[in-house]
Protein chains: 2
Amino acid sequence: MGRRVTLQTIADHVGVSRMTVSNAFSKPDQLSPSLRRRILAAADDLGYVGPDPAARALARGTTGAVGIVLTSSLRFAFTDLVATSFFGAIAERLAPTGLALTLLTSADSGDVIPARDVALDGALIYSCDPTSAAVDHLTRRRLPLVYVDQEPLATVSTINVADRTGARAAARHLLDLGHRRIGLLMSGMHPPHGLIDPADVTIDGYAARQRLLGWCDALSEAGVTPLVARQPGADPEQPRAAARLLLDRPDRPTAVLCFSDATAHGVLRAAVDLGIDVPRDLSVVGFDDNPLAAQLRPALTTVHQDIEAKGEAAAAALIAAIADARAGVAHVPRHHVLPAELVIRDSAAPPPG
Amino acid sequence: MGRRVTLQTIADHVGVSRMTVSNAFSKPDQLSPSLRRRILAAADDLGYVGPDPAARALARGTTGAVGIVLTSSLRFAFTDLVATSFFGAIAERLAPTGLALTLLTSADSGDVIPARDVALDGALIYSCDPTSAAVDHLTRRRLPLVYVDQEPLATVSTINVADRTGARAAARHLLDLGHRRIGLLMSGMHPPHGLIDPADVTIDGYAARQRLLGWCDALSEAGVTPLVARQPGADPEQPRAAARLLLDRPDRPTAVLCFSDATAHGVLRAAVDLGIDVPRDLSVVGFDDNPLAAQLRPALTTVHQDIEAKGEAAAAALIAAIADARAGVAHVPRHHVLPAELVIRDSAAPPPG
DNA sequence: CTCGGTTTCTGTACCGGTACAGTAGACGCT
DNA sequence: AGCGTCTACTGTACCGGTACAGAAACCGAG
């Protein structure tokens with residue numbers, strides 16, 4: 001088995017310089033069509049697929065891939081329909097530019113740290129701990145970055161949703177319906193869990209905090225003090241258990257505001273368990289307008305965010321940042337805030353009695 | 001703005017050779033701890049993050065990333081809970097090895113073709129057209145590959161599910177319940193759509209064909225000729241429309257076998273639309289045991305496949321193939337077939353009357 | 001026939017690392 | 001002292017491309 005086929009191999013075969021072969025692949029207008037055809041034919045004969053991506057990346061300084069950093073638990077990110085739709089939208093927007101999307105964990109596992117050791121042209125930071133090692137590495141690599149669902153930072157472009165405004169609208173909706181005993185259901189991986197004080201919720205992500213703030217904006221305006229529960233994870237089973245903390249008590253709330261639609265789903269199921277009718281005995285409002293929300297029984301009143309638009313905006317912002325970096329121009333960060341709008345369906349009604 | 005910081009910059013600062021600096025990062029046991037500390041400190045001062053991934057990839061011949069080729073429509077792949085769970089399982093298994101996962105489309109968009117132009121150590125081919133350009137490029141690059149849900153090929157490792165066996169069990173279950181008028185509901189992007197002849201379903205993916213064959217195994221054994229409908233896409237709206245083709249007719253089937261749980265979901269909704277009670281008037285059996293299946297009303301009788309195990313097996317097979325390639329050893333392809341088992345819930349019952 | 005402008009092809013110098021085969025000195029053993 | 005073995009560090013030769021600045025050939029206009 002001979003040596004590997006490189007540009008030089010082909011050059012020798014055809015009797016031209018290595019540079020000409022390179023041009024045949026990368027700059028077709030730099031040589032005559034007939035010679036190009038000969039070169040490509042020879043390349044094909046020799047089983048040459050195209051310029052080696054790694055070598056090209058080194059010489060050109062671009063790799064054709066961008067990263068996306070996810071929360072430490074990939075498993076979680078991939079079971080959440082909201083997150084996966086977002087990834088899909090990004091990938092779709094990226095496809096025509098020829099950029100591939102590389103998934104990075106913020107968990108640093110052993111000696112190889114993808115965020116430091118994988119060649120990339122730029123990266124999206126999606127709902128991450130901004131102090132994590134992965135984010136730090138990417139920043140220090142001076143890669144073009146875009147933050148999504150994170151605290152806005154002056155130096156990078158950010159994409160956010162009007163979480164606080166949307167949450168305020170959700171809370172006001174319940175207040176307008178006449179509710180005064182209102183529960184809030186959060187989710188987050190770290191303690192504290194169970195029934196907590198709203199002021200304790202400082203460790204969650206930026207979006208979660210904004211939503212909590214939005215709810216509290218409206219509630220405190222109306223002089224209502226909520227009952228707050230918090231549970232780990234977000235699959236429907238966890239909230240179902242946590243929802244019991246709110247519902248299985250004499251002075252139970254007449255309405256629950258949920259951090260997400262997945263959480264709300266858990267509340268609906270807990271209500272079924274406890275024989276509580278939604279929306280007659282209990283109102284439930286979600287967040288995200290997950291595709292499932294409209295299909296739940298009752299159809300979920302929730303706060304809509306346009307995931308497609310979010311993915312599109314994130315991809316566009318990253319592409320722009322990369323383009324500026326390639327051109328050697330200083331990139332002017334932009335801060336997008338996408339709207340969040342209350343969608344009234346069937347899961348919220350006036351309180352009983 | 002000065003030149004970029006490289007190993008040489010640091011070497012000059014500390015007064016050692018470039019090679020020693022390289023070792024400080026990549027082979028810590030090759031130099032004294034005290035010198036290593038000095039070098040690392042100097043690197044930190046200079047704002048050096050670590051060896052440039054692109055250069056390292058060229059010199060070492062490994063990139064730290066593996067690809068996964070998806071069906072042409074990324075958007076579709078990312079709204080399917082079965083697919084996303086699979087990706088999650090793969091990513092999770094890959095994380096401890098330090099390999100990142102790069103998403104590749106099989107659609108070749110313009111002049112940049114990720115499958116040809118992105119540096120990778122290996123790739124998974126997931127439920128793709130094996131004749132697509134992307135697969136061809138990866139093959140010709142001689143990358144370690146693993147095929148998932150594809151026609152087994154002697155030269156590469158493959159991961160498959162016992163689709164045919166599982167489908168046969170599903171069909172037999174309906175026959176055992178006494179059904180004789182049975183509909184089949186397939187999905188696939190390409191025509192023909194609508195009511196079709198079973199023999200026409202040759203363009204779908206390998207898994208789809210296996211499932212159809214499995215159903216037909218049991219049905220033809222029992223002398224039953226099914227009514228087959230086929231619709232594009234797989235979001236719940238499409239099957240809902242296609243299901244009407246089967247249900248909205250005088251001699252409508254008493255049972256429907258569905259290509260997937262998503263498809264089955266559409267049938268359940270079509271049944272609601274038409275006032276048909278499941279399972280009293282109509283039995284429905286799905287495939288995959290999507291997490292949603294158990295939560296549908298009625299809970300879906302379906303064929304379970306272990307997505308986690310599939311992701312785990314795929315990742316393990318790829319890692320093994322890459323390890324052999326690195327070692328220069330010929331890789332012996334292995335062909336895994338994971339079990340598929342009928343899970344009986346509430347959506348199938350004896351036919352009416 | 002000459003001259004400027006293309007077109008087409010070539011040579012050289014990188015890109016930023018790593019592999020591998022040294023070399024020099026320290027140490028242990030006889 | 002002589003010799004083998006370590007440890008710690010260095011030098012050189014790649015890895016497989018691309019950028020950029022020429023050089024040779026060609027071509028129409030003056």
Side-chain angles (χ1 to χ4, degrees), chain A residues 2-12 14-39 42-43 46-64 112 116-121 141-142 326-328, chain B residues 2-12 14-39 43 46-64 111-112 116-121 141-142 326-328:
Chain A
R3 278 180 77 77
R4 194 166 152 192
V5 179
T6 71
L7 291 182
Q8 191 64 62
T9 322
I10 302 167
D12 293 347
V14 180
V16 295
S17 80
R18 176 172 48 141
M19 202 55 236
T20 301
V21 181
S22 171
N23 284 334
F25 284 98
S26 305
K27 300 193 174 166
D29 56 334
Q30 297 292 305
L31 41 66
S32 69
S34 64
L35 178 56
R36 181 169 131 95
R37 269 195 302 279
R38 270 210 299 148
I39 292 175
L46 294 165
Y48 186 79
V49 189
D52 180 81
R56 177 182 264 188
L58 177 58
R60 291 224 277 223
T62 68
T63 66
V112 189
R116 189 190 57 191
D117 300 326
V118 172
L120 298 170
D121 290 340
R141 280 172 72 179
R142 304 177 174 246
R326 285 217 238 273
Chain B
R3 279 181 75 78
R4 192 165 154 193
V5 179
T6 71
L7 291 181
Q8 191 64 60
T9 322
I10 301 167
D12 294 347
V14 181
V16 294
S17 80
R18 177 172 49 142
M19 202 55 237
T20 302
V21 181
S22 171
N23 285 334
F25 284 98
S26 305
K27 301 195 175 164
D29 56 335
Q30 298 292 307
L31 69 167
S32 69
S34 63
L35 179 56
R36 180 170 133 96
R37 269 195 302 277
R38 272 209 300 147
I39 291 175
L46 293 166
Y48 185 79
V49 190
D52 180 81
R56 178 181 263 189
L58 177 58
R60 290 224 275 222
T62 69
T63 67
D111 46 350
V112 189
R116 188 190 56 191
D117 300 326
V118 172
L120 298 169
D121 290 341
R141 280 171 72 181
R142 301 173 175 247
R326 284 216 238 275

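Proteins come first, then strands; the chains are lettered A, B, ... in the order of their sequence lines, and each starts at number 1.
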Exercise for review: Decide yes or no on side-chain contact (heavy atoms from CB on, under 4.5 Å) for B/R18 and B/T6, but give the supporting numbers first.
Suggested key: CA-CA 9 Å; B/R18 177 172 49 142; B/T6 71; over 6 Å; no
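- For C/dG16, neither phosphate oxygen OP1 nor OP2 lies less than 4.0 angstrom from any side-chain nitrogen or oxygen of B/Y48.
- Considering only side-chain N and O atoms, B/S26 lies under 4.0 angstrom from the phosphate OP1 or OP2 of C/dT18.
- For B/T20, a side-chain nitrogen or oxygen approaches OP1 or OP2 of D/dT10 to under 4.0 Å.
- Between B/A43 and B/I10, the closest heavy-atom pair is CB-CD1, 3.7 Å.
- At the phosphate of C/dT8, neither OP1 nor OP2 sits under 4.0 Å from any side-chain N or O atom of A/K27.
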Study note, to complete from the structure: Nucleotide by nucleotide, nucleotides 21-28 of chain C touches protein heavy atoms under 4.0 Å in the pattern (B base, S sugar-phosphate only, - none) --------
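- Distances shorter than 4.0 Å separate some side-chain N or O of A/S32 from OP1 or OP2 on C/dC9.
- A donor N or O paired with an acceptor N or O is found under 3.5 Å between the base of C/dG17 and the side-chain atoms of B/R18.
- A sub-4.0 Å separation between OP1 or OP2 of D/dG16 and a side-chain N or O of A/R4 is present.
- Protein atom CD of B/Q8 is 14 Å distant from nucleotide atom C1' of C/dT18, rounded to whole Å.
- The side chain of B/S17 places an N or O atom within less than 4.0 Å of a non-bridging phosphate oxygen (OP1 or OP2) of D/dT10.
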